[in-house]
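Encoded as structure tokens, the structure appears first; notes follow it.
Counting begins at 1 with the first residue of the sequence.
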Amino acid sequence: MAAIELVVYSRLNPCPFVSLAHRVLERENVAYHELFIDQDKEAERRVLEWTGFLSVPTLIIARPGETLPIEAPQPLVKEASPRGIDRGVMLTEPGEDQLTAWLRRFDLIGTATPR
């Protein structure tokens, strides 16, 4: 797989899902770039476009230094909640086990060299 970077769309005042994601990422020593939708109108617009809601955390796999997914995420059912839906290169409001499995799939954890 090409070089990738994890980007987390979040809020300054975290909700339980954001706090959970932060705990998992810190525990697993995963490097990430964080954008705050309450401070960045473009980031807010993207999350709304991608999820239909202002759902955070929305985690994406991007090329290093970029803030867009490396490929188009799988579509959502119109007006359905994005919570916990694995969309390939995008995951929104995941549970702990789901986030861990998703990070493993992209070799962000469970590799020989911690990031």
Side-chain angles (χ1 to χ4, degrees):
M1 181 175 284
I4 59 171
E5 179 175 73
L6 177 64
V7 178
V8 178
Y9 286 77
S10 185
R11 280 194 189 95
L12 281 174
N13 293 316
C15 68
F17 285 102
V18 169
S19 296
L20 181 144
H22 285 157
R23 279 194 311 271
V24 171
L25 296 171
E26 288 171 18
R27 179 187 72 216
E28 300 295 341
N29 196 32
V30 177
Y32 60 96
H33 176 74
E34 191 164 24
L35 298 171
F36 298 101
I37 68 169
D38 47 356
Q39 288 193 323
D40 182 336
K41 288 298 178 189
E42 180 61 20
E44 179 184 67
R45 184 196 64 75
R46 286 178 189 159
V47 169
L48 187 58
E49 180 181 302
W50 292 332
T51 69
F53 303 90
L54 296 177
S55 300
V56 292
T58 292
L59 301 98
I60 67 162
I61 301 298
R63 288 181 179 83
E66 296 185 8
T67 57
L68 297 173
I70 58 172
E71 60 189 45
Q74 296 169 6
L76 284 172
V77 174
K78 188 169 178 74
E79 297 181 14
S81 171
R83 182 174 292 161
I85 304 296
D86 182 343
R87 300 175 61 196
V89 296
M90 182 178 292
L91 183 62
T92 301
E93 297 179 356
E96 184 172 352
D97 292 343
Q98 186 179 35
L99 177 54
T100 301
W102 188 78
L103 293 168
R104 267 199 189 96
R105 193 169 77 231
F106 290 100
D107 292 328
L108 293 172
I109 62 174
T111 59
T113 306
R115 292 176 176 250

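- Listed by first and then second residue, the salt bridge (Lys or Arg N to Asp or Glu O under 4.0 Å) pairs involving residues 42-59 are Lys41-Glu44, Glu42-Arg45, Glu42-Arg46, Arg45-Glu49 (not counting sequence neighbours).
- Side-chain N or O atoms of Glu5 include one that pairs as donor or acceptor with a backbone N or O of Gly65 at under 3.5 Å.
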Extract all donor-acceptor atom pairs below 3.5 Å that involve side chains of residues 75-94 and protein atoms in other chains or at least two apart in sequence.
unit_1	atom_1	unit_2	atom_2	d
Ser81	OG	Arg83	N	3.1
Arg83	NE	Glu93	OE1	2.6
Arg83	NH2	Glu93	OE1	3.2
Asp86	OD1	Gly88	N	2.9
Asp86	OD1	Arg105	NH2	3.2
Asp86	OD2	Arg105	NH1	2.7
Asp86	OD2	Arg105	NH2	3.4
Arg87	NE	Gln74	O	2.6
Arg87	NH1	Trp50	O	2.7
Arg87	NH2	Trp50	O	3.4
Arg87	NH2	Gln74	O	3.1
Thr92	OG1	Thr58	OG1	3.2

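- Listed by chain and number, the residues in a side-chain contact (heavy atoms from CB on, under 4.5 Å) with Phe36 are Ser10, Leu12, Glu34, Asp38, Gln39 (sequence neighbours excluded).
- Sorted by first and then second residue, the ring-ring contact (aromatic ring centres under 6.0 Å, His included) pairs involving residues 75-95 (not counting sequence neighbours) form an empty list.
- Cluster annotation: Leu68 and Val7 are assigned to the same hydrophobic cluster (Ile/Leu/Val/Met/Phe/Trp/Tyr, side-chain heavy-atom contacts under 4.5 Å, transitive).
- Identified under the ring-ring contact (aromatic ring centres under 6.0 Å, His included) test for residues 51-82, with sequence neighbours left out: none.
- Annotation: salt bridge (Lys or Arg N to Asp or Glu O under 4.0 Å) contacts of Arg104 (sequence neighbours excluded): none.
- Residues satisfying the side-chain contact (heavy atoms from CB on, under 4.5 Å) test with Leu6, not counting sequence neighbours, are Val8, Leu25, Val30, Tyr32, Leu59, Ile61, Trp102, Leu103, Leu108.
- For residues 57-95, the set of pairs meeting the ring-ring contact (aromatic ring centres under 6.0 Å, His included) definition, not counting sequence neighbours, is empty.
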- Item | Criterion side-chain contact (heavy atoms from CB on, under 4.5 Å) on Arg11 and Val18, from CA distance to verdict | CA-CA 8 Å; Arg11 280 194 189 95; Val18 169; 5.6 Å; no

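- Not one N or O on the side chain of Tyr9 forms a donor-acceptor pair closer than 3.5 Å with the backbone of Leu54.
- Applying the salt bridge (Lys or Arg N to Asp or Glu O under 4.0 Å) rule to Glu66 yields no partners; only residues at least two apart in sequence or on another chain are considered.
- To the nearest 0.5 Å, atom CZ of residue Arg23 and atom CG of residue Leu99 are 11.0 Å apart.
- Taking both residues in full, the closest heavy atoms of Ile70 and Ala62 are given as CG2-C, 3.3 Å, listed atom of the first, atom of the second, then distance.
- Here Phe17 is tied to no hydrophobic group at all, with no ILVMFWY side chain closer than 4.5 Å.
- Between Ala3 and Pro64, the closest heavy-atom pair is O-CD, 3.2 Å.
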